[in-house]
Every structure is written in C-alpha cells, then in structure tokens.
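Heads up, the thing below is written out as structure tokens.
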Amino acid sequence: MTADASDAVEIWDALLRLRRATGLPVAFGGLMEAGRQMRISELSGTATHALRSLVVTSGNGLGGKTVVLARPCVVTDYSASRQISHEYDAPVAVEGLRSVLAVPVVVRHSVRGVLYGALRTALPLGGRMLDEAVEAARDVERALVVREEARTLAAEGGAGAGREQVREAHAALRALAPKIADPELRAELLDACALLTADTTPSDRVRLTPREVDVLACVAAGATNAVAAERLGVTPETVKGYLRSAMRRLRARTRGEAVVAARRAGWLP
C-alpha cells in the first residue's frame with residue numbers, strides 16, 4: 001500500500017520518542033517505496049542534509065540489510081564495519097555518524113520502513129537503546145495497521161470520506177469531554193457524541209468502560225499511544241492499560257482488531 005503524509009508523520013513522531021527514550025543525538029528514517037527501495041524522509045538531530053531523501057536499496061548498507069532480514073541490525077563503527085556493504089559511506093561520513101542501529105517497521109510480515117538511531121562516536125549500541133528503538137517501530141506498525149484497516153473499511157462502505165470525518169469528530173469529542181469540569185455541559189457533549197453512533201446499538205455481549213471507548217476512539221483515528229495519552233491527559237502507560245483491557249473484552253489480538261470489533265459491537269462509528 002502506498003504511504004501518505006500521515007504515515008510519514010508517524011515516522012517523525014517515532015524518531016522524537018526514540019531520541020527522548022534513549023538519549024541518542026541523531027535519529028532518521030523513512031518508508032518503503034515501490035519495489036525494493038526505502039527513502040529516508042525524516043531527520044531528527046542531524047547537522048546536515050546529507051541523508052535527506054537518500055534512497056536505500058534492499059540489501060545495501062545497514063538499512064538495506066535490515067529490510068532483507070526484517071530484524072534489527074547494529075554496527076559500532078559504520079565505515080569500518082565488515083557486516084554491511086558500503087554504498088552509503090559518503091553521506092554517513094558527512095553527517096559524522098559512527099555507531100548506528102536500524103530497526104524495521106513490519107506490517108503483516110512485510111517491511112514497510114526503517115528507523116535509525118545513531119551516535120557520532122564508536123560506542124556499542126544495544127540493550128535498552130535497542131529495546132526502545134524496537135518499541136518505537138512497534139508504535140509505527142500499530143498506527144499503520146489501524147490506518148490501513150480504516151481505509152479498507154471506508155472503501156468498502158462507499159462513503160469513506162464522510163465516515164472518516166465522523167470518526168475523527170467522535171474521537172475529538174471523546175477526548176474533550178473529560179476536560180470539561182461542568183457535569184451538565186460534559187453530559188451534553190457526550191450526548192452529542194452518542195449521536196455519531198446513532199445508527200448502531202452497543203452490544204450487550206461486549207461491555208466497555210468510558211475510558212476504554214475514549215482510547216479506542218483515538219486509536220481508530222490513527223493516534224499512537226503517545227498521541228492518545230496527550231489528547232486524553234493521561235500517561236502512555238495508562239493508555240496501554242485501557243487498550244489491553246479493551247482488547248481482552250473484545251477478544252482482539254491487535255489494536256486494529258480491537259477497533260474493528262468495537263465498531264461491529266456498536267461502540268465506535
């Protein structure tokens with residue numbers, strides 16, 4: 001499936017989270033294009049534009065190796081490493097990078113992009129840094145799955161654009177309601193929100209709490225855990241907790257399955 005601007009935004013957000021979580025000074029990445037190429041489109045912490053729009057071919061360099069193996073790869077000294085080929089040494093040298101890790105973004109068994117983190121010194125990268133990079137990639141994967149399923153549902157429904165606007169409005173209202181102190185005004189807002197699901201009736205077989213619905217509404221609109229947490233005024237860990245409980249109630253194995261199940265059960269538009 002062709003990537004769009006919103007998919008690139010997920011890469012950018014993941015890079016920022018990766019740098020905050022690991023302390024790595026540089027992060028960059030991009031999504032696969034047609035064929036066997038990945039284009040680096042997002043840069044964070046770089047000092048030059050040497051890596052911008054660099055096209056990485058599958059199998060070449062650290063990123064290309066990551067695409068082929070579909071697993072994280074790390075080098076301690078990029079230009080001197082014997083574990084990779086060296087087609088991209090020049091732009092890497094211009095940016096002054098030495099230690100680099102690369103993590104694939106994998107959706108439905110297909111590599112859809114690569115996230116990189118890097119140091120300008122030759123020091124080992126692994127352990128917590130690699131774990132955080134993998135988690136950042138997982139966030140992108142989950143967001144891409146939700147977006148693709150939303151696009152599929154919209155295409156099948158025949159009125160995709162209008163339906164997506166309704167879903168975005170529903171998510172925005174659910175996120176706004178808890179921030180309103182006046183209980184009567186908050187109740188009126190939730191009543192208005194309920195009008196957006198008026199064509200469905202929540203199933204008696206699946207009971208969700210208001211906060212679980214709030215989180216699912218954000219996820220359905222394509223928000224990552226971090227973005228949902230910001231919208232709802234809670235921590236990402238709290239979002240994960242509500243999402244796990246909702247998935248358990250809905251008997252869903254993934255975020256995407258949970259959104260689809262919640263729609264079928266009448267909890268989301």
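Numbers here are sequence positions counted from 1.
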*What residue pairs, at least two apart or across chains, pass salt bridge (charged side-chain N to carboxylate O under 4.0 Å, His left out) with a residue in residues 23-51?*
Glu33-Arg39

*Under the ring-ring contact (aromatic ring centres under 6.0 Å, His included) rule, what pairs show up with a residue in residues 31-53, not counting sequence neighbours?*
none

_Is any side-chain heavy atom of Lys240 closer than 4.5 Å to one of Leu243?_
no

*Would you indicate whether Arg128, at its atom CZ, is surrounded by more than 12 heavy atoms from other residues, nucleotides or ligands within a distance under 6.0 Å?*
yes

*asked:* Show me the pairs that pass salt bridge (charged side-chain N to carboxylate O under 4.0 Å, His left out) and involve residues 52-67, at least two apart or across chains.
replied: none

*What's the verdict on side chain to side chain contact (heavy atoms under 4.5 Å, CB included) for Ser58 and Asn60, showing C-alpha distance, side-chain angles and the deciding distance?*
CA-CA 6 Å; Ser58 295; Asn60 293 345; over 6 Å; no

*Are Tyr78 and Ile84 side-chain neighbours, meaning at least one heavy-atom pair lies under 4.5 Å?*
yes

*Carboxylate-amine/guanidinium contact Arg211 Asp214, below 4.0 Å*: yes

List the atom pairs, with distances to 0.1 Å, where a side-chain N or O of residues 119-127 and a protein N or O form a donor-acceptor pair under 3.5 Å, not counting sequence neighbours.
from, atom 1, to, atom 2, distance (Å)
Arg120, NE, Glu95, O, 3.2
Arg120, NH2, Glu95, OE2, 2.5

_Contacts of Arg138 that satisfy salt bridge (Lys or Arg N to Asp or Glu O under 4.0 Å) - sequence neighbours left out_ = Glu141

*Determine whether Ile40 and Val56 make a side-chain contact, defined as any pair of heavy atoms from C-beta on separated by less than 4.5 Å.*
yes

*Indicate the atoms forming the closest heavy-atom contact of Met32 with Gly113, along with that distance.*
CG-N, 3.8 Å

*Between Asn225 and Arg17, is any side-chain donor less than 3.5 angstrom from a side-chain acceptor?*
no

*Hydrophobic cluster of Leu16, others only, ordered by chain and residue number, side-chain cut-off 4.5 Å*: Trp12

*What is the ring orientation for Tyr116 with Phe28, classed by angle as parallel under 30°, tilted 30 to 60°, or perpendicular over 60°?*
parallel

*Could you give me the CA-CA distance, side-chain angles and deciding distance for Ser245 and Glu212, then say whether side chain to side chain donor-acceptor pair (under 3.5 Å) is met?*
CA-CA 8 Å; Ser245 64; Glu212 288 169 348; 2.6 Å; yes

*Would you say the side chain of Val114 lies within less than 4.5 Å of the side chain of Val103, judging by non-hydrogen atoms?*
no

*I would like to know whether Thr209 and Val213 meet side chain to side chain contact (heavy atoms under 4.5 Å, CB included); could you show each step before the answer?*
CA-CA 6 Å; Thr209 68; Val213 177; over 6 Å; no

*What do you reckon, is CD of Glu230 surrounded by more than 12 foreign heavy atoms closer than 6.0 Å?*
no

*asked:* One pair to check against side chain to side chain donor-acceptor pair (under 3.5 Å): Glu237 and Thr235. What are the steps and the verdict?
replied: CA-CA 5 Å; Glu237 286 303 316; Thr235 67; over 6 Å; no

